Participant: 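Please find one structure pasted underneath; my questions will follow.
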Amino acid sequence: MAIRFYNTLTRQKEVFEPLTPGEIRMYTCGPTVYNYAHIGNLRSYLFADLLKRHLKYRGLRVFHVMNITDVEDKIIRSCVETGDTLDALTERYTQAFWEDLETLGLEPADEYPRATHHIDDIVALIKTLQEKGCTYTHEGSVYYRLRSFSDYGKLSHHRLEGLESGASGRVQKDEYGIEDARDFALWKAYDEADGPIYWDTELGRGRPGWHIECSCMSMRYLGESFDIHTGGVDLVFPHHENEIAQSEAATGQPFVRYWMHNAHLLVEGRKMAKSYGNTYTLRDLLEMGYDPIAIRYVLIATHYRQPNNFTFDAVEAAAESLARIRDFRLRLQETQGEGSDLSEAIASHEKAFSEALDDDLNISAALAAAFEFIRETNRRLDAGEVSEEAAHNANALLDRFDQVTGLFPPAEEQSAPDEVLTLVHERQEARRAKDFARADAIRDQLLAMGWAVEDTPDGPRVKRLLERHA
RNA sequence: AGCACAGUGGCAGAGUGGUUAUGUGCCGGGCUGCAAACCCGGAGACGCUGGUUCGAUUCCAGUCUGUGCUUCCA
């Protein structure tokens with residue numbers, strides 16, 4: 001079955017075929033590093049992560065680039081307000097961003113190019129656009145002349161006329177010296193308010209506009225045409241539309257084949273907004289005691305093109321689901337002896353799982369297949385009909401589910417300390433002597449120490465209690 | 001205002017023109033000394049109003065509500 005993705009460009013699901021068979025080049029619009037990423041930002045990157053992991057699982061090679069926007073209006077404002085240097089500020093939040101990605105279990109991109117490290121490339125690209133006649137300069141700033149690009153609007157399906165009328169209520173354009181209110185800056189001339197943040201280049205003193213860095217760095221690392229470009233829906237217009245205009249005007253080549261955009265995140269049914277006080281960062285949630293994998297679960301478990309309603313109930317439900325997964329894996333590890341081989345169940349559920357993801361990353365159907373496998377296998381384990389080898393193969397299937405989703409982690413070693421093992425032993429003695437009051441007291445004592453003991457036909461099983469939100 | 005997307009059981013969230021999503025929670029049962037884990041069963045849903053149809057949650061129209069974009073917010 002072919003892999004199909006919804007392409008914003010065509011507004012429909014299309015069969016996915018990379019430019020180079022077997023190799024995929026993808027670009028993700030990364031963070032503007034002036035603050036900690038909030039969970040809405042992180043949803044975007046988790047979507048790109050799932051996409052990348054699934055393509056790899058399908059045997060395709062993926063080269064993934066994510067930019068770091070480290071010069072931009074808000075960053076400059078923040079520097080001016082705090083007195084931080086640009087480098088100090090952006091480095092701090094870049095490191096924090098990478099920490100967040102690691103905490104949530106995202107696979108790193110292959111490259112994280114930064115705008116400030118590519119000023120020369122950006123200037124060169126702007127010069128190319130100048131040579132092609134699609135720019136003009138006003139008061140030291142270089143603007144892109146939108147009407148020079150006849151395909152403008154093909155991604156967002158905005159029509160230029162509509163945008164023009166939308167801008168009609170503004171001040172006379174002539175007063176700005178900009179030919180058209182829709183034109184955007186490629187290069188911004190230095191302003192006193194920028195303080196020490198500027199570059200002296202052939203274009204004069206100033207800094208790059210926002211859109212140009214993505215055109216520049218994506219093509220620098222991925223070529224003039226590449227396969228996939230991801231980002232949040234809010235970037236469709238104008239950011240990605242402008243990227244297309246810049247890139248295709250400069251190269252004459254189609255820029256990106258598949259544009260994929262994730263919907264936004266709601267929190268407790270409301271949009272995230274500072275005024276609601278619900279713009280959580282990952283750090284906020286960790287401080288509240290939530291498990292990062294449970295957070296990953298909630299952020300990834302909704303189809304990427306659907307609005308995802310982040311609720312604390314959902315995080316707690318996710319933590320329970322993860323406990324179920326862990327218990328299942330522990331059970332598989334303990335399984336010994338002869339029995340059926342499960343090969344049919346493994347094959348059919350893996351097929352359902354992977355074909356669901358082939359269908360525009362239908363994660364819900366994929367997770368349903370995984371949980372059906374767990375339930376059916378638990379039933380067989382209850383019946384004692386699973387062989388050690390089958391359990392091993394089932395565990396390997398869970399590894400593959402984990403490879404794609406990051407939601408089926410291998411069970412950690414449950415090496416209980418000696419004092420716990422001693423108590424477990426004492427409890428067994430008490431049970432053998434039918435001293436159940438003492439046995440139950442020891443069980444409570446162990447619980448208080450953070451260990452659960454469960455009796456199985458093969459003896460007691462000791463599990464570390466999962467951290468859960470109190 | 002224009003253009004999009006969405007509204008499913010307590011919560012989260014798929015899907016389908018007629019038959020169990022899945023997870024979590026709840027109720028009952030099995031297993032257990034009791035639990036836990038696990039299994040089985042159950043209740044509970046498709047915003048509202050019309051239309052098409054033998055039959056609609058699924059298609060169409062309208063309506064209400066929410067969300068996004070409309071120049072730099074993932």
Side-chain angles (χ1 to χ4, degrees), chain A residues 8 11 28-32 37-48 69 72-74 146 156-159 162-163 165-167 181-185 188 209-211 230-239 241-242 261-266 268-273 279 297-298 301-328 330-331 356 362-372 374-383 431 434-437 439-440 443-444 447 452-457 460-461 463:
Chain A
T8 307
R11 292 189 181 178
T28 297
C29 275
T32 300
H38 63 243
I39 53 178
N41 301 128
L42 293 168
R43 182 196 188 188
S44 281
Y45 308 127
L46 280 165
F47 147 60
T69 297
E72 180 268 354
D73 290 355
K74 289 190 296 294
L146 257 192
S156 59
H157 303 91
H158 278 126
R159 282 186 302 234
L163 296 174
S165 64
R182 304 162 304 177
D183 292 341
F184 59 91
K188 293 186 167 186
W210 176 43
H211 312 294
T230 75
V233 280
D234 54 299
L235 296 181
V236 174
F237 187 90
H239 183 54
E241 199 70 72
N242 290 352
H261 294 95
N262 61 279
H264 277 192
L265 188 71
L266 303 176
E268 299 290 347
R270 317 175 79 181
K271 64 178 172 181
M272 261 199 306
T279 50
Y297 193 115
V298 172
T302 302
H303 183 83
Y304 72 94
R305 286 192 287 112
Q306 294 295 329
N308 177 340
N309 185 15
F310 185 93
T311 66
F312 293 103
D313 281 351
V315 184
E316 284 164 29
E320 294 302 324
S321 301
L322 290 165
R324 177 174 171 79
I325 290 164
R326 182 198 66 164
D327 287 347
F328 178 62
L330 287 173
R331 235 186 140 181
N362 188 340
I363 183 72
S364 303
L367 292 178
F371 280 107
E372 278 167 11
I374 290 173
R375 176 161 40 79
E376 287 183 23
T377 305
N378 265 323
R379 190 188 306 147
R380 293 193 171 99
L381 287 163
D382 282 352
R431 291 184 69 216
K434 306 264 187 231
D435 184 357
F436 295 120
D440 292 349
R443 184 165 61 198
D444 290 342
L447 275 175
V453 58
E454 300 172 352
D455 299 315
T456 77
R461 172 192 295 151
K463 297 195 305 198

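Because the structure is a prediction, the values reported are computed rather than measured. Side chains included, hydrogens not; waters and symmetry mates left out as well; all remaining heavy atoms used.
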Participant: List the steps, then state whether side chain to side chain contact (heavy atoms under 4.5 Å, CB included) holds for Arg331(A) with Thr456(A).
Facilitator: CA-CA 10 Å; Arg331(A) 235 186 140 181; Thr456(A) 77; over 6 Å; no
Participant: Determine, stepwise, if the pair Trp210(A) / Asn242(A) fulfils side chain to side chain contact (heavy atoms under 4.5 Å, CB included).
Facilitator: CA-CA 10 Å; Trp210(A) 176 43; Asn242(A) 290 352; over 6 Å; no
Participant: Does any N or O donor sit under 3.5 Å from an N or O acceptor when you compare the side chain of Lys271(A) with the base of rC73(B)?
Facilitator: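 No, no donor-acceptor pair under 3.5 Å.
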Participant: Rounded to whole angstrom, note down the P distance from rG44(B) over to rG2(B).
Facilitator: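 Per the computed distance, 42 Å lies between those P atoms.
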Participant: For nucleotides rG13(B) and rG17(B), find the distance between their P atoms and express it as a whole number of Å.
Facilitator: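 The answer is 22 Å between these two P atoms.
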Participant: When we call it a touch if two heavy atoms are under 4.0 Å apart, what does Gly40(A) touch: a base, just sugar-phosphate, or nothing?
Facilitator: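 Base contact.
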Participant: Atom CD of Glu241(A) and atom C1' of rC3(B): how far apart are they, to the nearest Å?
Facilitator: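 The distance from CD of Glu241(A) to C1' of rC3(B) comes to 13 Å, rounded to the nearest Å.
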Participant: What does nucleotides 7-14 of chain B look like as a protein-contact string, B for base, S for sugar-phosphate only, - for none, at under 4.0 angstrom between heavy atoms?
Facilitator: ----SSSS
Participant: Classify the ring geometry of His239(A) against His211(A): parallel below 30°, tilted from 30° to 60°, perpendicular beyond 60°.
Facilitator: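 Because their plane-to-plane angle lies in the 30° to 60° range, the rings of His239(A) and His211(A) count as tilted.
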Participant: Here's a test of your reading of the structure: between Glu372(A) and Gly231(A), which maps to the more 5' nucleotide of RNA chain B?
Facilitator: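 Closer to the 5' end of RNA chain B: Glu372(A).
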Participant: Under 4.0 Å, counting only non-hydrogen atoms across every strand here, what does Leu381(A) touch: a base, just sugar-phosphate, or nothing?
Facilitator: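 Here Leu381(A) touches no strand at all.
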Participant: Mind running side chain to side chain contact (heavy atoms under 4.5 Å, CB included) on Glu268(A) and Phe312(A) for me, showing each step along the way?
Facilitator: CA-CA 8 Å; Glu268(A) 299 290 347; Phe312(A) 293 103; 3.1 Å; yes
Participant: Taking CE from Met272(A) and C1' from rG66(B), how many angstroms apart are they, rounded to a whole number?
Facilitator: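 It is 16 Å, rounded to the nearest whole Å.
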Participant: Taking only the side-chain nitrogens and oxygens of Arg443(A), find out if one of them lies under 4.0 Å from OP1 or OP2 of rA36(B).
Facilitator: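 Answer is no, no contact under 4.0 Å.
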Participant: Per the atom types in the model, does the base of rC34(B) pair as donor or acceptor with the side chain of Asp455(A) at under 3.5 Å?
Facilitator: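 When only heavy-atom distances are counted, Asp455(A) does reach the base of rC34(B) through a donor-acceptor pair under 3.5 Å.
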Participant: Report the distance from atom CG of Leu367(A) to atom CG of Asn362(A), rounding to the nearest 0.5 Å.
Facilitator: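 Rounded to the nearest 0.5 Å, the CG-CG separation comes out at 9.0 Å.
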Participant: Going by an N to O cut-off under 4.0 Å, is there a salt bridge joining Asp440(A) and Arg443(A)?
Facilitator: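 Yes, charged N to carboxylate O under 4.0 Å.
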Participant: Between Leu146(A) and Phe184(A), is the side chain to side chain contact (heavy atoms under 4.5 Å, CB included) condition met? List the steps.
Facilitator: CA-CA 8 Å; Leu146(A) 257 192; Phe184(A) 59 91; 4.2 Å; yes
Participant: Looking for any heavy atom pair under 4.0 Å, which part of the strands does Phe371(A) touch: base, sugar-phosphate only, or nothing?
Facilitator: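 Touches sugar-phosphate only.
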Participant: Using only side-chain N and O atoms of Arg324(A), determine if any of them is under 4.0 Å from OP1 or OP2 of rA37(B).
Facilitator: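 No, Arg324(A) has no side-chain N/O under 4.0 Å of OP1/OP2 on rA37(B).
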Participant: Write down the atom of Val298(A), the atom of Ala318(A), and the distance for their closest heavy-atom approach.
Facilitator: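 Looking at all heavy atoms of both residues, the shortest contact is CG2-CB, 3.9 Å.
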Participant: Using atom P in both nucleotides, what's the gap between rG23(B) and rA4(B) to the nearest angstrom?
Facilitator: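 Per the computed distance, 37 Å lies between those P atoms.
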Participant: What is the distance, rounded to the nearest whole Å, between atom CG of Leu235(A) and atom C1' of rC72(B)?
Facilitator: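 After rounding, the reported distance stands at 10 Å.
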Participant: I need the single residue from Thr230(A), Asp234(A), Asn262(A), Val233(A) that forms a side-chain contact (heavy atoms from CB on, under 4.5 Å) with Ser44(A). Which is it?
Facilitator: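 The side-chain contact (heavy atoms from CB on, under 4.5 Å) with Ser44(A) is passed solely by Asn262(A) among Thr230(A), Asp234(A), Asn262(A), Val233(A).
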Participant: Under 3.5 Å, side chain of Asn41(A) to main-chain N/O of His38(A), donor-acceptor pair present?
Facilitator: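 Checking the backbone N and O of His38(A) against the side chain of Asn41(A), a donor-acceptor pair under 3.5 Å is found.
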Participant: Please report, rounded to the nearest Å, how far the C1' atom of rA6(B) is from the CG atom of Asn262(A).
Facilitator: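 Answer to the nearest Å: 15 Å.
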Participant: Measuring only the P atom in each nucleotide, how far is rA37(B) from rC27(B)? A whole number of Å is fine.
Facilitator: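 Each nucleotide's P atom is 14 Å from the other's.
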Participant: Nearest-nucleotide wise, let me know which of Arg461(A) and Leu367(A) is further upstream toward the 5' end of RNA chain B.
Facilitator: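 Its nearest nucleotide lies further toward 5', so the answer is Leu367(A).
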Participant: Is the shortest side-chain N/O distance from Arg379(A) to OP1 or OP2 of rC40(B) below 4.0 Å?
Facilitator: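 Affirmative; the distance criterion is met.
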Participant: Quick one: Asp382(A) CG to rU32(B) C1', roughly how many Å, whole number?
Facilitator: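 Between C1' of rU32(B) and CG of Asp382(A): 13 Å.
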Participant: Specify the separation, in whole Å, of atom CG of Asn242(A) and atom C1' of rU70(B).
Facilitator: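 Rounded to whole Å, this separation is 13 Å.
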Participant: Has Lys74(A) got a side-chain N or O lying under 4.0 Å from the OP1 or OP2 atom of rC72(B)?
Facilitator: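 The answer is no; no side-chain N or O of Lys74(A) sits under 4.0 Å from OP1 or OP2.
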Participant: Using the P atom in both, what is the distance from rU65(B) to rC40(B), to the nearest Å?
Facilitator: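 Taking atom P in both rU65(B) and rC40(B), they lie 44 Å apart.
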Participant: Within the 4.0 Å heavy-atom criterion, would you say Asn378(A) contacts the bases, only the backbone, or no part of the nucleic acid?
Facilitator: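 Here Asn378(A) touches the backbone only, sparing every base.
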Participant: With C1' as the reference atom in both, quote the distance from rG25(B) to rU32(B) in angstrom, rounded to an integer.
Facilitator: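 23 Å, rounded to whole Å.
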Participant: Need one value for Arg270(A): base, sugar-phosphate or nothing, where a base atom within 4.0 Å counts as base even if backbone is also close, heavy atoms only.
Facilitator: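 The residue Arg270(A) makes no contact with any strand.
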Participant: If only atom types and distance count, is the side chain of Asn308(A) paired as donor or acceptor with the main-chain N or O of Ala263(A) below 3.5 Å?
Facilitator: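 Not at all, since once roles are kept as given, no pair shorter than 3.5 Å links the two residues.
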Participant: Could you state the CZ-P distance from Arg11(A) to rC3(B), rounded to the nearest angstrom?
Facilitator: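 Those two atoms, CZ and P, are 11 Å apart.
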Participant: When you compare rU70(B) with rU63(B), how far apart are their P atoms, in angstrom units rounded to a whole number?
Facilitator: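 Each nucleotide's P atom is 26 Å from the other's.
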Participant: Can you give me the dot-bracket string for RNA chain B, 5' to 3', counting Watson-Crick and G-U wobble pairs with both distances under 3.5 Å, using [ ] for crossing pairs and | for partners on another strand?
Facilitator: (((((((..(((.....[...))).(((((.......)))))....(((((..]....))))))))))))....
Participant: Check whether the aromatic ring of His264(A) stacks on the base of rA74(B), taking stacking as ring centres less than 5.5 Å apart and planes within 30° of each other.
Facilitator: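 Yes, His264(A) stacks on the base of rA74(B).
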Participant: Please state how far atom NZ in Lys463(A) lies from atom P in rA35(B), giving the value in whole angstrom units.
Facilitator: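 Rounding to the nearest Å, NZ of Lys463(A) and P of rA35(B) are 17 Å apart.
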Participant: What's Arg331(A) touching, base or sugar-phosphate or nothing? Going by heavy atoms closer than 4.0 Å.
Facilitator: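 Counting heavy atoms under 4.0 Å across all strands, the contact made by Arg331(A) is with sugar-phosphate only.
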Participant: So what does Asp440(A) touch, heavy atoms closer than 4.0 Å: a base, only the sugar-phosphate, or nothing?
Facilitator: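 If one applies the 4.0 Å heavy-atom cut-off, Asp440(A) turns out to touch a base.
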Participant: Measuring only the C1' atom in each nucleotide, how far is rA35(B) from rG68(B)? A whole number of Å is fine.
Facilitator: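 Taking atom C1' in both rA35(B) and rG68(B), they lie 50 Å apart.
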Participant: Does the side chain of Ser156(A) come under 3.5 Å of the side chain of Glu241(A) through a donor N or O and an acceptor N or O?
Facilitator: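 A donor-acceptor contact under 3.5 Å links the two side chains.
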